[in-house]
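Working notes for the structure below.
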Amino acid sequence: MLVYPSANRVYTDSTPALLRAELAVFGLSALETEISEIGETELGGVSYLTFTTPAPLSERDLALLSNLSALYALFERGDGVLKPVTISPLANFDSDLLTIQKYPGKTNELFTKLLVNVTLLSTANPTAMLDGPLHLLDPLCGRGTTLNQAMMYGFDATGLDVDGKDFDSYELFVKTWLKQKRIKHSAESGQVRRNKVRLGRRLDIGFGITKEQYKAGDVRKLSYLNCDTLTTDELLRPNSVDLIVTDAPYGVQHGSHRTQDASLARSPRDLLAAAVPVWTRVLRPGGALGISWNTNVAPREELAAILDKAGLDVREDGPYAGFAHRVDQAIVRDLIVAAKPV
């Protein structure tokens, strides 16, 4: 595998190790063909990720591996040559859907894809990405990087975030992008109310992967709710989403909700302790929840205990322990995944 070149130097340094762990999760959870000897080598002055199989990869295995987050090109090695292998990633739209947004604190889009993949692979149906649309929830969605990845995969997506500026920025971006790409869609904005109480704002978009699909009524749904994440189970039906993927706040505080003086009310640790049980109620049995977070804010054991207390089965063994990496001096990012029992 030739690794996708990243514009972020820090992430580039971490990518090979992250890709090795991601590939191992694919092998553990989804592939028909056994993979082994995952490593790195240099050929002609270029670094590659390598692995061995006892037989050629099946078409379904290739379809799955085509979606590895940092896979740029795939080759079969033999007789001193590299033979290109055709890959077919699930990419329904142009890549600028993921790359065009630039703002401080944006999660790297390759890591976002990795987090989505590892969460998907932890569900009861780890190959479901190939079989039809799923419903993804990001309950701390910010400016929508995870929602955009869901669009690329052809999923339905719902996001929640309390920050009004992030909501406004994403609404402007996604409406402009859809119009410029001439993608058939509908868009409606309005208020979110429950029992005559205003909870926030909403953006609802219906879009077609193709014009023909849109005309035929085959429409994907994207919703952004500018609401407190602790209202998730009030706004979504129980057992209605297939996977929950979110990048938890890295700093000392985050406004999951705001106090009357508009101060930020919760630390990331407190936020997750309060929110995970709420999120779990809308997750389907067999679904999975994936969280990335700063280990300097909370140790892995603490998050695992929160997930376990919510009735989820935490994936701890083997490659699931290989995703920690340094982002900067204050942030060591890791991910943790847990599944809801069937």
Side-chain angles (χ1 to χ4, degrees), residues 1-6 8 10-91 95 108-131 149 152-153 243 245 288 290 292 315-326 333-337 339:
M1 292 183 182
L2 190 59
V3 179
Y4 193 92
S6 173
N8 183 315
V10 174
Y11 190 75
T12 296
D13 293 342
S14 304
T15 298
L18 290 171
L19 183 58
R20 277 174 19 213
E22 183 187 5
L23 174 60
V25 173
F26 268 91
L28 181 69
S29 304
L31 301 185
E32 299 168 345
T33 309
E34 180 184 353
I35 61 173
S36 62
E37 301 180 44
I38 300 173
E40 295 177 52
T41 191
E42 188 171 292
L43 300 171
V46 178
S47 295
Y48 291 85
L49 192 74
T50 59
F51 64 97
T52 300
T53 65
L57 292 167
S58 67
E59 288 188 15
R60 194 168 180 85
D61 284 349
L62 279 173
L64 287 165
L65 290 181
S66 293
N67 297 294
L68 279 162
S69 61
L71 170 63
Y72 188 64
L74 182 64
F75 302 90
E76 182 179 351
R77 186 180 181 186
D79 298 327
V81 298
L82 295 179
K83 177 184 176 182
V85 176
T86 301
I87 56 175
S88 53
L90 293 170
S95 61
N108 181 282
E109 58 272 8
L110 296 181
F111 181 79
T112 297
K113 185 176 182 180
L114 180 149
L115 180 58
V116 171
N117 286 346
V118 173
T119 307
L120 270 168
L121 292 167
S122 304
T123 66
N125 185 4
T127 65
M129 68 165 70
L130 302 180
D131 299 326
Q149 180 58 54
M152 289 292 282
Y153 273 171
L243 65 159
V245 178
S292 62
R315 302 287 194 259
E316 290 280 27
D317 299 331
Y320 287 97
F323 291 104
H325 62 287
R326 182 172 297 279
R333 183 167 55 192
D334 199 357
L335 65 84
I336 190 166
V337 180

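For the single chain, residues carry numbers from 1 onward in sequence order. Below, each value reflects all heavy atoms present in this structure, side chains not excepted, and no hydrogens, waters or symmetry copies.
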Tyr72 side chain near Val3 side chain, heavy-atom distance below 4.5 Å
no
Test item: Lys113 and Tyr153 side chains (from C-beta on) under 4.5 Å apart, heavy atoms:
yes
Is there side-chain contact between Leu114 and Val116, with heavy atoms separated by less than 4.5 Å?
no
Supply the atom-to-atom distance Glu40 CD to Leu19 CG, rounded to the nearest 0.5 angstrom.
9.0 Å
Check Leu64 against Met129 and note the closest heavy-atom contact, atom names and distance.
CD2-CG, 4.2 Å
Approximate separation, where rounding is to 0.5 Å, of Leu71 CG and Leu49 CG:
9.5 Å
Does Leu82 form a side chain to side chain contact (heavy atoms under 4.5 Å, CB included) with Leu43? I'd like the steps, not just the answer.
CA-CA 10 Å; Leu82 295 179; Leu43 300 171; 4.1 Å; yes
Which value, rounded to the nearest 0.5 Å, describes the distance between Leu121 atom CG and Tyr320 atom OH?
6.5 Å
Would you mind reporting whether Leu74 and Leu65 have side-chain heavy atoms less than 4.5 Å apart?
no
Side chain to side chain contact (heavy atoms under 4.5 Å, CB included) between Glu37 and Thr50, intermediate numbers included:
CA-CA 8 Å; Glu37 301 180 44; Thr50 59; over 6 Å; no
Expected output: side-chain Asp61 to main-chain Glu32 donor-acceptor under 3.5 Å
yes
Heavy-atom donor-acceptor pair, Glu22 side chain to Ser69 backbone, under 3.5 Å:
yes
Test side-chain hydrogen bond (donor to acceptor under 3.5 Å, both in side chains) applied to Tyr48 - qualifying residues, sequence neighbours left out:
none
Using only atom types and a distance under 3.5 Å, with no angle test, would you say the side chain of Asp79 pairs donor to acceptor with the backbone of Val81?
no
Return the minimal non-hydrogen interatomic distance between Leu23 and Ile35, and the atom names on each side.
O-CD1, 3.5 Å
Tightest non-hydrogen contact, residues Asp13 and Pro16, listed as O-CD, 3.9 Å
Heavy atoms from other residues, nucleotides or ligands near CD of Glu59 exceed 12 (cutoff 6.0 Å):
no
Using every non-hydrogen atom in the two residues, find where Ser122 and Ala339 come nearest and quote the distance to one decimal.
O-CB, 3.6 Å
At their closest point, which heavy atom of Ser95 faces which heavy atom of Met152, and how far apart are they?
CA-CE, 4.4 Å
So does Asp131 have more than 12 non-hydrogen atoms from other groups sitting under 6.0 Å from CG?
yes
For Thr112 and Gln149, which I'm curious about, is there any donor-acceptor pair between the side chains at under 3.5 Å?
no
For the CZ atom on Arg77, are there more than 12 heavy atoms of other groups (residues, nucleotides or ligands in this structure) within a distance under 6.0 Å?
no
Which heavy atom of Leu115 sits nearest a heavy atom of Gly290, and at what distance?
CD1-C, 4.1 Å
Please confirm whether the backbone N or O of Ser88 pairs with a side-chain atom of Ser66, one donor and one acceptor, at under 3.5 Å?
yes
Are the side chains of Tyr4 and Thr15 in touch, meaning some heavy atoms are under 4.5 Å apart?
no
Exactly one of Leu18, Leu335, Val245 should register a side-chain contact (heavy atoms from CB on, under 4.5 Å) with Val118. Which one does?
Leu335
Rounded at 0.5 Å granularity, tell me how far CG in Leu68 sits from CD1 in Ile87.
9.0 Å
Keeping Asn117 on the side-chain end and Asn67 on the backbone end, is there a donor-acceptor pair under 3.5 Å?
yes
